Structures are given as C-alpha cells and as structure tokens.
Amino acid sequence: MSRRRFLQAIVAAVLASLGLLLGLPLSYRRLRTRYEAPPPQIEGQIIHLPMPRLSGVVSLEETLANRRSIREYTDEPLTIEELAQLLWAAQGISETRHGFRTAPSAGATYPLEVYAVIAPQGVLAGDMFLEPGSYRYLPHSHTLVQVRRGDLVEELYHAALEQEWVREAPVNLVFTAVYERTTRRYGARGVRYVHIEVGHAGQNVYLQAVALGLATVAIGAFHDEAVREIIGAPEEEKPLYIMPVARPAWRYRLDPRELAEYIERRRG
C-alpha cells in the first residue's frame with residue numbers, strides 16, 4: 001500500500017469514529033424517546049408490555065440500603081409500566097446478541113419461568129385495568145400471555161398458607177423452575193444452581209421494587225402443586241417463590257448517620 005493510500009485509510013477511520021461519537025447523543029435521545037412507555041398493545045390474550053427503562057432516579061446504593069421485606073400495603077393498583085419493569089428486572093433480556101437475561105444462570109440454561117397473578121383492578125393500563133388472571137412472562141418478546149382468566153387471588157392466598165400479604169397485593173409474581181434444563185447439563189448439582197438462580201432473580205425484584213417506590217416480600221411457604229395448578233403451569237414446572245408486589249403502607253429509609261454509628265460502635 002502506498003503512503004498516500006495508507007494516510008487516506010487512517011483519515012477515513014478517524015472520520016468514521018468521529019461520526020459514531022457524534023451520532024451517540026442523537027441515538028441516545030431516540031432510545032430514551034422510545035422508552036417513554038406508550039399504552040400497552042393488547043392482542044387477544046397477548047399483552048405487549050411497555051419497553052423497560054434502563055435508567056432511573058434511584059441509585060443502586062439506595063436500593064441496597066432500603067431493601068426490606070414489607071408486608072403491609074395500600075389498596076392502590078400498580079401501573080402497566082411498573083409491572084413491565086418488574087418483570088424485566090426478574091428475567092428480562094439484558095444482552096441482545098445471545099439473549100442473556102438480567103439474572104445470571106448456570107450455563108445460560110435459564111430454568112426459571114415467571115407468572116403474574118393479577119387481582120381485579122390490580123394493574124392500571126391507560127384508562128382501563130388488565131383482566132384478572134394468571135399471565136406468563138415471555139422475556140424475548142417482553143410480553144405477557146394470559147394462561148388463566150378470573151380472580152385467582154383467594155385461591156393463591158389459601159395455597160400460600162393464608163399469608164395475608166398474598167391476598168392484599170394487586171400483583172403476585174410466581175417463579176417456577178424446569179429443573180431439567182439445568183440438571184441435564186450439570187447433573188444433581190444443577191438443582192443447587194436453580195435455587196441459587198431464583199435467589200438472584202428474587203433480589204432483582206426486591207431492588208427494582210425499591211427503585212419504583214413499591215414493596216415486596218419473598219414467600220417460600222406454600223403448597224407446591226396447588227400453586228402450580230392455580231397459575232396454570234405445566235407439570236414439569238415447580239413453583240419456588242411467590243412475591244407479592246404492591247404500594248407500601250410504610251417505607252423504610254436507612255439513615256447514613258445511624259449506619260456510621262453502628263459500624264463505629266463495632267470497631268471498638
């Protein structure tokens with residue numbers, strides 16, 4: 001290659017790089033505009049959820065500091081935007097080349113499924129409420145598919161050993177697992193990996209709830225088969241968590257001075 005062509009190639013590369021850099025703000029503005037959640041598109045039993053937001057006003061440190069299991073709720077509904085964000089935090093797509101998700105999974109086997117049990121007038125979508133029932137979350141299309149219709153909250157409450165917060169929440173997220181997706185690769189140890197994974201996903205829901213000004217609590221005490229039947233999950237799916245989500249009747253706030261004093265007292 002001649003020196004002239006070599007220099008021309010360098011200049012072209014620099015100009016291309018500058019073009020990309022200069023284009024970033026415009027692309028970012030377009031992305032932010034796209035994420036201004038429109039009213040949900042409903043096609044029969046499929047609900048196209050609002051796009052997830054990738055930025056917020058609450059820092060990660062604040063969500064960690066103020067994460068608490070809260071069991072006292074108001075009777076206000078969630079919005080479709082809040083439900084969409086919670087589902088994305090639980091199992092949504094966070095990498096578009098391979099379809100990786102927001103929670104880590106051993107070998108990217110992704111054994112978890114997420115259902116939303118919606119109470120009557122539990123989720124406000126524009127000027128209407130979503131039909132009560134059980135919905136399955138599809139991460140790749142960021143949609144909900146209705147599995148069962150009707151008010152299922154009372155049944156879920158009894159299946160969860162009559163824990164009141166299940167009945168009081170407008171939405172209950174239910175995590176199930178298909179163990180074979182992981183155990184066929186890792187054998188018996190894969191069972192442990194599935195349980196670790198649902199912990200990751202549950203913490204994601206906790207932190208996202210705090211960031212949205214909502215409350216939740218992880219429930220592991222329930223009749224497995226009854227829960228599976230209530231949400232309409234197939235036999236190979238095993239329920240692992242129920243997480244009621246609602247607006248809290250009270251909010252926890254960690255005072256940084258109290259934290260500093262606590263640590264200092266224990267330093268001797």
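These numbers were taken from a predicted model, which means no experiment stands behind them.
- In this structure, Arg101 is positioned above the aromatic face of Tyr110, its NZ or CZ under 6.0 Å from the six-membered ring centre and within 45° of the axis.
- Taking the charged nitrogens against the carboxylate oxygens, Arg71 and Glu164 have no contact shorter than 4.0 Å, which rules out a salt bridge.
- Hydrophobic clustering (side-chain heavy atoms under 4.5 Å, transitive across Ile, Leu, Val, Met, Phe, Trp, Tyr) keeps Val210 apart from Leu87.
- Here the shortest heavy-atom pairing between Val153 and Ala119 reads CG2-CB, 3.6 Å.
- Here the shortest heavy-atom pairing between Asn204 and Ala89 reads ND2-O, 3.0 Å.
- Using a 3.5 Å distance cut-off with no hydrogens or angles, the side chains of Tyr186 and Thr109 do not pair a donor with an acceptor.
- Under the 4.0 Å criterion applied to side-chain N and carboxylate O atoms, Arg136 and Glu237 are assigned as salt-bridge partners.
- Without hydrogens or angle criteria, Gln203 side chain to His200 main chain gives no donor-acceptor distance under 3.5 Å.
- With no hydrogens or angles considered, no side-chain donor-acceptor pair links Glu168 and Tyr73 at under 3.5 Å.
- Of all heavy-atom pairs between Val194 and Pro111, the closest is CG2-CG, 3.8 Å.
- Looking at Glu197 and Ser105, their side chains do bring a donor and an acceptor atom within 3.5 Å of each other.
- Among all heavy-atom pairs drawn from Val147 and Gly232, the shortest one is CG1-O, 3.5 Å.
- Ion pair Glu82/Arg247 flagged as a salt bridge, since at least one NZ, NE, NH1 or NH2 atom sits closer than 4.0 Å to an Asp/Glu carboxylate oxygen.
- At a cut-off of 3.5 Å, with distance as the only test, no side-chain donor of Thr183 or Glu180 sits close to an acceptor on the other residue.
- In this structure, Tyr179 has its ring center closer than 6.0 angstrom to the ring center of His195.
- Between Arg181 and Glu113 there is a salt bridge, with a side-chain nitrogen of the basic residue lying less than 4.0 Å from a carboxylate oxygen of the acidic one.
- A continuous path of Ile, Leu, Val, Met, Phe, Trp and Tyr side chains, each step under 4.5 Å between heavy atoms, connects Leu254 with Ile263, placing both in one hydrophobic cluster.
- For the pair Thr216 (side chain) and Ile70 (backbone), a donor-acceptor distance under 3.5 Å is absent.
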